Novice: 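Please find one structure pasted underneath; my questions will follow.
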Amino acid sequence: MASWCVRAVRQSYSVLASPAAPVRLLCTATQQKNGPSSEEEAEKTEQNPAEKVLTEEKVQLEEQLKEMTEKYKRALADTENLRTRSQRMVEDAKLYGIQGFCKDLLEVADILEKAMESVPKEEVTSQNPHLKNLYDGLVMTEVQIQKVFTKHGLLKLNPEGQKFDPYEHEALFHAPIEGKEPGTVAVVTKVGYKLHGRTLRPALVGVAKAS
């Protein structure tokens with residue numbers, strides 16, 4: 001019995017004294033320590049493709065959202081521009097829808113003006129009551145028609161002495177005229193008219209030029 005105990009003690013001592021034992025124990029501990037990290041890396045490696053797919057889908061969705069937002073903004077801008085143009089067209093139709101009718105009335109105003117100019121002023125006296133009454137009627141009619149024109153935004157253009165404006169005047173001739181500055185309207189053969197600031201009929205004029 002004593003000999004068996006001695007052998008057991010010697011074997012235990014040889015195991016403990018062996019240099020391989022600590023190495024094996026250290027390797028085992030290292031494996032136990034590094035084991036979870038290797039598993040986590042494996043899980044991360046397995047998750048990377050899925051995360052990549054989600055990232056790509058996110059980028060695509062963000063691009064689609066940006067594109068739809070831009071389209072929405074452009075649609076709003078187009079709608080606002082269309083509304084503005086439509087409103088402007090309606091307003092222009094209200095303002096200038098009568099320009100054809102006004103042009104026809106201008107011929108009547110021209111006839112009245114010519115009739116008044118043709119009456120000799122020295123004969124318009126109480127000694128000639130019939131002519132005086134006729135002339136006074138022409139004057140009253142011309143005044144009233146100009147009031148109606150003004151009420152509807154139609155204004156007379158008599159640019160004599162003013163600087164020539166090609167947007168409002170039509171030059172019939174250019175000639176040196178004494179006492180007139182070059183480039184100014186020297187003679188008005190036919191008055192013009194503007195409807196709400198827009199030239200409806202240019203005045204027919206003669207323009208002075210340098211001699």
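Remember, predicted model here, so these are calculated numbers, not experimental data.
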Novice: Does the side chain of Val53 come within less than 4.5 Å of Glu57's, by heavy atoms?
Specialist: yes
Novice: Going by an N to O cut-off under 4.0 Å, is there a salt bridge joining Glu80 and Arg83?
Specialist: yes
Novice: Within the 4.5 Å heavy-atom criterion, are His152 and Ile98 side-chain neighbours or not?
Specialist: yes
Novice: Flag yes if Leu95 and Leu195 sit in one hydrophobic cluster, no otherwise; membership is Ile, Leu, Val, Met, Phe, Trp, Tyr, and two members link when side-chain heavy atoms are under 4.5 Å apart.
Specialist: yes
Novice: Would you say Phe173 and Val205 make side-chain contact, with heavy atoms under 4.5 Å?
Specialist: no
Novice: Count I, L, V, M, F, W, Y as connected when their side-chain heavy atoms are under 4.5 Å apart, and connections chain through other members. Are Leu157 and Phe149 then in the same cluster?
Specialist: no
Novice: Is the closest side-chain heavy-atom distance between Leu154 and Leu106 below 4.5 Å?
Specialist: yes
Novice: Using a 4.5 Å cut-off on heavy atoms from C-beta on, say whether the side chain of Pro202 contacts that of His169.
Specialist: no
Novice: Are the side chain of Arg201 and the backbone N or O of Val191 linked by a donor-acceptor pair below 3.5 Å?
Specialist: yes
Novice: Between the side chains of Lys114 and Glu142, is the shortest nitrogen-to-carboxylate-oxygen separation below 4.0 Å, so that they form an ion pair?
Specialist: no
Novice: Would you say the side-chain atoms of Tyr96 pair up with the backbone N or O of His196, donor to acceptor, closer than 3.5 Å?
Specialist: yes
Novice: Look at the side chain of Thr184 and the backbone N and O of Lys163, then say whether any donor-acceptor pair between them is shorter than 3.5 Å.
Specialist: no
Novice: Quick one: does Val119's side chain get under 4.5 Å of Leu131's, heavy atoms only?
Specialist: yes
Novice: Spell out, as yes or no, whether a donor-acceptor pair under 3.5 Å connects the side chain of Asn81 to the backbone of Ala77.
Specialist: yes
Novice: Using only atom types and a distance under 3.5 Å, with no angle test, would you say the side chain of Thr199 pairs donor to acceptor with the backbone of Tyr167?
Specialist: yes
